[in-house]
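The block underneath contains the structure these notes are about, expressed in structure tokens.
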Amino acid sequence: MEFLTKEFIYSKSSQEITSLLYEALMDRVREAIDAIEKKDFIEANTKLQKANDILQRLGVGLNYEAGIIADQLDTLYNYMANNLVEANLKKDTTLLIEVLQITESIANAWNEALKNKEKQETQLQRKANAYEKHVAVATQE
């Protein structure tokens with residue numbers, strides 16, 4: 001994710017940025033697992049700190065006016081953050097695998113919702129275009 005430029009980020013919606021954060025979180029957790037397995041505990045610590053920072057950013061970005069889902073995500077993010085800290089202390093990949101699985105589930109659901117939103121927006125745009133064409137033909141008659 002080092003390739004991301006400011007222009008790229010600014011061109012994304014907040015929902016797309018959230019999706020990128022989930023991807024980055026999964027990447028850091030995978031890298032931490034790999035580092036622990038290689039006994040490179042300094043690298044694992046660095047990756048887990050970055051993963052925790054991403055979780056914190058996800059938590060800050062929650063819209064609590066969205067309803068109960070925001071509260072549930074907040075609880076999940078806190079649980080995951082606690083697991084990251086504990087995994088870092090114990091160098092326990094089992095906890096990291098659990099965080100990775102939770103993140104994958106959330107990311108998959110998030111990306112599916114984004115796809116559905118894009119489909120709905122495309123359908124609405126088509127309907128608006130058809131309406132505009134109909135109105136234009138009607139006014140010419």
Side-chain angles (χ1 to χ4, degrees), residues 1-140:
M1 303 283 286
E2 310 298 327
F3 64 90
L4 300 179
T5 63
K6 285 184 182 179
E7 292 80 20
F8 178 80
I9 296 294
Y10 290 141
S11 71
K12 299 296 179 187
S13 69
S14 60
Q15 293 85 6
E16 292 169 320
I17 291 171
T18 299
S19 181
L20 290 171
L21 287 171
Y22 287 136
E23 291 300 320
L25 175 60
M26 290 185 291
D27 288 346
R28 296 303 87 73
V29 172
R30 285 185 194 109
E31 292 166 354
I33 291 169
D34 187 47
I36 290 170
E37 288 172 350
K38 292 178 181 176
K39 306 277 190 239
D40 187 352
F41 300 130
I42 294 173
E43 182 69 13
N45 179 56
T46 301
K47 298 302 180 185
L48 290 171
Q49 286 178 356
K50 288 181 180 181
N52 226 336
D53 182 51
I54 293 167
L55 271 175
Q56 183 180 19
R57 291 171 193 268
L58 285 165
V60 168
L62 287 173
N63 177 4
Y64 288 96
E65 294 175 10
I68 193 166
I69 190 76
D71 292 326
Q72 292 172 337
L73 281 171
D74 184 47
T75 301
L76 259 178
Y77 293 161
N78 287 328
Y79 174 77
M80 292 162 58
N82 288 337
N83 276 5
L84 290 178
V85 170
E86 188 174 343
N88 199 7
L89 290 171
K90 296 179 179 179
K91 305 306 181 219
D92 183 354
T93 58
T94 306
L95 292 169
L96 296 178
I97 291 169
E98 182 180 4
V99 169
L100 188 58
Q101 290 170 340
I102 293 169
T103 307
E104 286 172 344
S105 295
I106 296 170
N108 289 339
W110 188 265
N111 290 332
E112 190 62 34
L114 279 179
K115 286 178 193 174
N116 289 339
K117 180 183 175 196
E118 289 170 4
K119 286 179 187 176
Q120 288 175 345
E121 288 173 352
T122 301
Q123 290 173 347
L124 286 174
Q125 187 61 42
R126 283 189 201 140
K127 287 179 183 179
N129 289 342
Y131 175 77
E132 289 171 2
K133 287 179 186 176
H134 178 72
V135 170
V137 169
T139 56
Q140 291 176 352

Nearest-0.5 Å distance that lies between atom NZ in Lys50 and atom CZ in Arg28: 6.5 Å

Please find the pair of heavy atoms, one from Ala35 and one from Ala44, that lie closest to each other, and give the distance. CB-N, 3.6 Å

At what distance, to the nearest 0.5 angstrom, does CG of Asn63 lie from OG of Ser14? 9.0 Å

Atom OG1 in Thr93, atom CD in Glu98: separation rounded to 0.5 Å? 12.0 Å

Here the gap from Ile97 atom CD1 to Asn83 atom CG, rounded to the nearest 0.5 Å, amounts to 12.0 Å

Rounded to the nearest 0.5 Å, what separation is found between the CG atom of Leu25 and the CE atom of Met80? 5.0 Å

Considering all heavy atoms, the nearest Val29-Ala51 contact: CG2-CB, 4.2 Å

Can you tell if the side chain of Leu73 reaches within under 4.5 Å of the side chain of Ile106, non-hydrogen atoms only? yes

Heavy-atom distance under 4.5 Å between the side chains of Leu96 and Leu48, does that happen here? yes

Lys91 side chain to Asn88 main-chain N or O, any donor-acceptor pair under 3.5 Å? yes

To the nearest 0.5 angstrom, please state how far the CG atom of Leu89 sits from the CG atom of Asn45. 9.0 Å

Main-chain N/O of Gln49 paired to Asp53 side chain as donor or acceptor, under 3.5 Å: no

Can you check whether Ile42's main-chain N or O pairs, donor with acceptor, with Thr46's side chain at less than 3.5 Å? yes

Fit a plane to each ring of Tyr77 and Tyr22, take the angle between them on a 0 to 90° scale, and name the class: parallel (under 30°), tilted (30 to 60°) or perpendicular (over 60°). tilted

Find out whether Leu55 and Leu84 are in side-chain contact, i.e. whether some heavy atom of one side chain is under 4.5 Å from a heavy atom of the other. yes

For Glu104, is the CD atom crowded, meaning more than 12 foreign heavy atoms sit under 6.0 Å from it? yes

Pair Arg30 + Asp27, salt bridge at N-O below 4.0 Å: yes

